[in-house]
**Q** 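Sharing a structure, written as structure tokens. Questions coming.
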There are 2 protein chains.
Amino acid sequence: MDIIISNSSDTPIFKQIEDAIYEAICNDDLKENEMLPSVRALANDLKISFLTVKRAYDELEASGFIKTIPGKGSFVAPKNLDLIKEEKLKQIQDLLEQVYQISKVSNISTKEVQELFQIIFEENE
Amino acid sequence: MDIIISNSSDTPIFKQIEDAIYEAICNDDLKENEMLPSVRALANDLKISFLTVKRAYDELEASGFIKTIPGKGSFVAPKNLDLIKEEKLKQIQDLLEQVYQISKVSNISTKEVQELFQIIFEENE
DNA sequence: TCCACTGTTATATTTACTATATAACAGTTA
DNA sequence: TAACTGTTATATAGTAAATATAACAGTGGA
């Protein structure tokens with residue numbers, strides 16, 4: 001698992017770690033029940049304090065994505081992919097609703113929004 | 001002009017003020033060349049420091065939405081409709097970037113997102 | 001000119017958050 | 001027992017947000 005963190009970022013380090021692991025779990029780069037690096041090991045790799053890693057793990061556990069067992073380690077929680085996907089679709093729907101509201105209030109045509117959509121989704125392929 | 005701020009919010013107070021005034025300008029609740037409340041007056045209303053209000057006004061001036069004249073006050077800048085539209089397009093772009101990120105992380109196809117897009121933009125016509 | 005308003009600037013302080021270092025404690029397993 | 005695991009407590013440093021206070025300067029009416 002390769003995590004890249006930036007201390008010049010406006011996102012806190014613990015959050016960057018949290019996001020990276022969350023993404024890895026969603027992409028199945030981290031499988032169910034797979035053990036995560038120990039807080040100290042990952043802290044060493046990233047040259048940061050183990051407390052910062054622990055903070056990230058704590059957040060992930062609170063969200064239900066990993067399970068930590070004292071003395072053993074932290075493990076990817078059994079996941080419900082359908083549930084995650086449903087939740088994600090809902091998030092996307094909410095964001096698109098916001099887009100619609102802004103475009104409507106500001107007289108920005110559907111066509112213009114669609115063009116932005118195309119650009120963003122194509123340039124990242 | 002009624003601005004509601006929350007000190008329990010994760011958004012800084014100066015940013016909440018900034019956003020509220022920005023929205024008021026975009027919605028034409030604040031007209032061109034209209035005088036804004038003085039930093040001290042608004043600070044009194046909101047029971048906060050005038051420095052926090054000044055911070056918000058400074059940001060708005062830097063963005064070109066208001067114009068401050070020492071000794072006189074702060075005024076809504078002559079509206080640059082292009083500027084506002086650019087801002088709105090930027091907001092939409094940011095939201096679409098979020099949509100893209102979520103779809104990418106969650107392995108949701110562009111096609112699925114496009115379908116959601118169609119539904120939302122069509123059902124409101 | 002005086003006064004009451006306007007914005008500006010400088011300094012110091014408080015609070016919260018992020019991140020760190022260090023040490024000690026406890027569970028797991030070979 | 002040794003070497004891992006996670007946990008907890010304490011103290012410290014840096015930063016950002018917000019505050020309080022005071023002094024300074026421009027505007028405009030009485």
Side-chain angles (χ1 to χ4, degrees), chain A residues 1 3-22 25 30-77, chain B residues 1 3-22 25 30-77:
Chain A
M1 185 173 54
I3 294 175
I4 299 169
I5 59 170
S6 158
N7 42 9
S8 65
S9 166
D10 47 348
T11 1
I13 298 176
F14 80 87
K15 181 74 174 156
Q16 294 180 46
I17 298 171
E18 187 185 339
D19 291 344
I21 293 179
Y22 169 71
I25 291 175
L30 285 171
K31 315 287 185 189
E32 275 190 23
N33 302 315
E34 184 174 341
M35 187 177 173
L36 295 169
S38 77
V39 285
R40 285 188 181 80
L42 184 52
N44 273 337
D45 281 358
L46 301 179
K47 319 285 187 203
I48 57 176
S49 165
F50 77 88
L51 290 170
T52 307
V53 178
K54 176 165 167 49
R55 171 90 186 261
Y57 282 18
D58 284 347
E59 305 274 346
L60 285 164
E61 177 152 35
S63 306
F65 294 110
I66 71 174
K67 177 70 183 167
T68 293
I69 304 166
K72 298 190 76 172
S74 296
F75 306 85
V76 178
Chain B
M1 185 173 51
I3 293 175
I4 299 170
I5 59 170
S6 159
N7 42 10
S8 64
S9 166
D10 48 347
T11 357
I13 297 176
F14 80 87
K15 181 74 176 156
Q16 293 180 47
I17 298 172
E18 187 186 340
D19 291 345
I21 294 179
Y22 167 72
I25 291 176
L30 285 170
K31 314 287 183 188
E32 275 190 23
N33 301 315
E34 184 173 340
M35 188 178 171
L36 294 170
S38 77
V39 285
R40 284 188 181 79
L42 185 52
N44 273 338
D45 282 358
L46 301 178
K47 320 283 186 205
I48 58 177
S49 165
F50 76 88
L51 290 170
T52 308
V53 178
K54 176 165 168 45
R55 170 92 187 259
Y57 283 17
D58 285 347
E59 306 273 346
L60 286 164
E61 177 152 34
S63 306
F65 294 110
I66 71 174
K67 177 71 183 166
T68 293
I69 302 166
K72 298 189 75 171
S74 297
F75 306 86
V76 177

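Each chain gets a letter, A, B and so on, in the order the sequences are listed, and its residues count up from 1.
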**Q** For A:Arg55 and C:dA16, what is the distance between atoms CZ and C1' respectively, to the nearest whole Å?
**A**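 After rounding, the gap between these two atoms is 11 Å.
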**Q** Reckon B:Thr52 has a side-chain N or O less than 4.0 Å from the OP1 or OP2 of D:dT19?
**A** yes
**Q** Output yes when a side-chain donor or acceptor of A:Glu18 lies under 3.5 Å from a complementary backbone atom of A:Ala56, and no otherwise.
**A**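 Not a single qualifying donor-acceptor pair exists.
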**Q** How many Å lie between CD on B:Glu18 and C1' on D:dA18, as a whole number?
**A**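 So the two atoms are 16 Å apart, to the nearest Å.
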**Q** Could you give the OH-to-P distance, from A:Tyr57 to D:dT7, as a whole number of Å?
**A** 11 Å
**Q** Once you round it to whole Å, what is the distance between P of D:dT19 and CG of B:Asn44?
**A** 12 Å
**Q** Please tell me if the side chains of B:Tyr57 and B:Ile21 come closer than 4.5 Å, counting only heavy atoms from C-beta onward.
**A** yes
**Q** Quick check for you: to the nearest 0.5 Å, what is the distance between B:Gln16 atom CD and B:Thr11 atom OG1?
**A**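 Here the interatomic distance stands at 4.5 Å.
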**Q** So if I take every side-chain heavy atom of A:Phe50 and compare against C:dT9, C:dT22, D:dT5, which nucleotide ends up nearest?
**A**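 Closest of the options to the side chain of A:Phe50: C:dT22.
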**Q** Does B:Glu34 reach the main-chain N or O of B:Lys31 with its side chain, forming a donor-acceptor pair under 3.5 Å?
**A**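 Confirmed, B:Glu34 side chain pairs with B:Lys31 backbone.
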**Q** Do A:Val76 and A:Asn33 come within less than 4.5 Å of each other through their side chains, counting heavy atoms only?
**A**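 A side-chain contact under 4.5 Å is absent here.
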**Q** Would you mind reporting whether A:Ile17 and A:Leu42 have side-chain heavy atoms less than 4.5 Å apart?
**A** yes
**Q** Once you round it to whole Å, what is the distance between P of D:dC4 and CG of A:Leu42?
**A**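 Value for this atom pair: 17 Å.
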**Q** Under a 3.5 Å distance rule, please check whether B:Ser63 uses its side chain to pair with a backbone N or O of B:Phe65 as donor and acceptor.
**A**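 Not a single qualifying donor-acceptor pair exists.
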**Q** Which of the following nucleotides, D:dT5, D:dT8, C:dG7, is nearest to the side chain of B:Ser38?
**A**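 The answer is C:dG7, which lies nearest to the side chain.
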**Q** Set out, in order, the CA-CA distance, both residues' side-chain angles and the distance that settles side-chain contact (heavy atoms from CB on, under 4.5 Å) for B:Glu59 and B:Phe14, then state yes or no.
**A** CA-CA 9 Å; B:Glu59 306 273 346; B:Phe14 80 87; 4.1 Å; yes
**Q** Would you mind reading off the distance between B:Phe75 atom CZ and D:dG26 atom C1', rounded to a whole angstrom?
**A** 13 Å
**Q** Counting only non-hydrogen atoms, which of residues 5-15 of chain B are less than 4.0 Å from DNA chain C?
**A** none
**Q** Quick one, B:Thr52 and B:Ser49 - any side-chain contact, counting heavy atoms below 4.5 Å?
**A** yes
**Q** Collect all protein-nucleotide pairs involving nucleotides 25-28 of chain C in which both atoms are nitrogen or oxygen and the distance is under 3.5 Å.
**A**
unit_1 : atom_1 : unit_2  : atom_2 : d
C:dG27 : N2     : A:Gly71 : O      : 3.2
C:dT28 : O4'    : A:Gly71 : O      : 3.3

**Q** Measuring from atom CG of A:Asn44 to atom OG of A:Ser38, what distance do you get when rounded to the nearest 0.5 angstrom?
**A**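 The distance works out to 8.0 Å.
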**Q** Could you list by number each residue of residues 58-66 of chain B showing a heavy-atom separation from DNA chain D of less than 4.0 Å, or answer none if no residue does?
**A** none
**Q** Tell me, do A:Tyr22 and A:Leu60 make a side-chain contact under 4.5 Å, heavy atoms counted?
**A**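 A side-chain contact exists here, since the closest heavy-atom pair is under 4.5 Å.
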**Q** Atom CD1 of B:Ile48 to atom C1' of C:dT15: distance rounded to whole Å?
**A** 16 Å
**Q** To the nearest Å, give me how far apart CE (B:Met35) and P (D:dT27) are.
**A**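 It is 13 Å, rounded to the nearest whole Å.
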**Q** Would A:Ile66 and A:Ile25 count as a side-chain contact (heavy atoms from CB on, under 4.5 Å) here? Give the steps.
**A** CA-CA 9 Å; A:Ile66 71 174; A:Ile25 291 175; 3.9 Å; yes
**Q** Closest to the B:Lys54 side chain: C:dG7, C:dT8, D:dT8?
**A** C:dT8
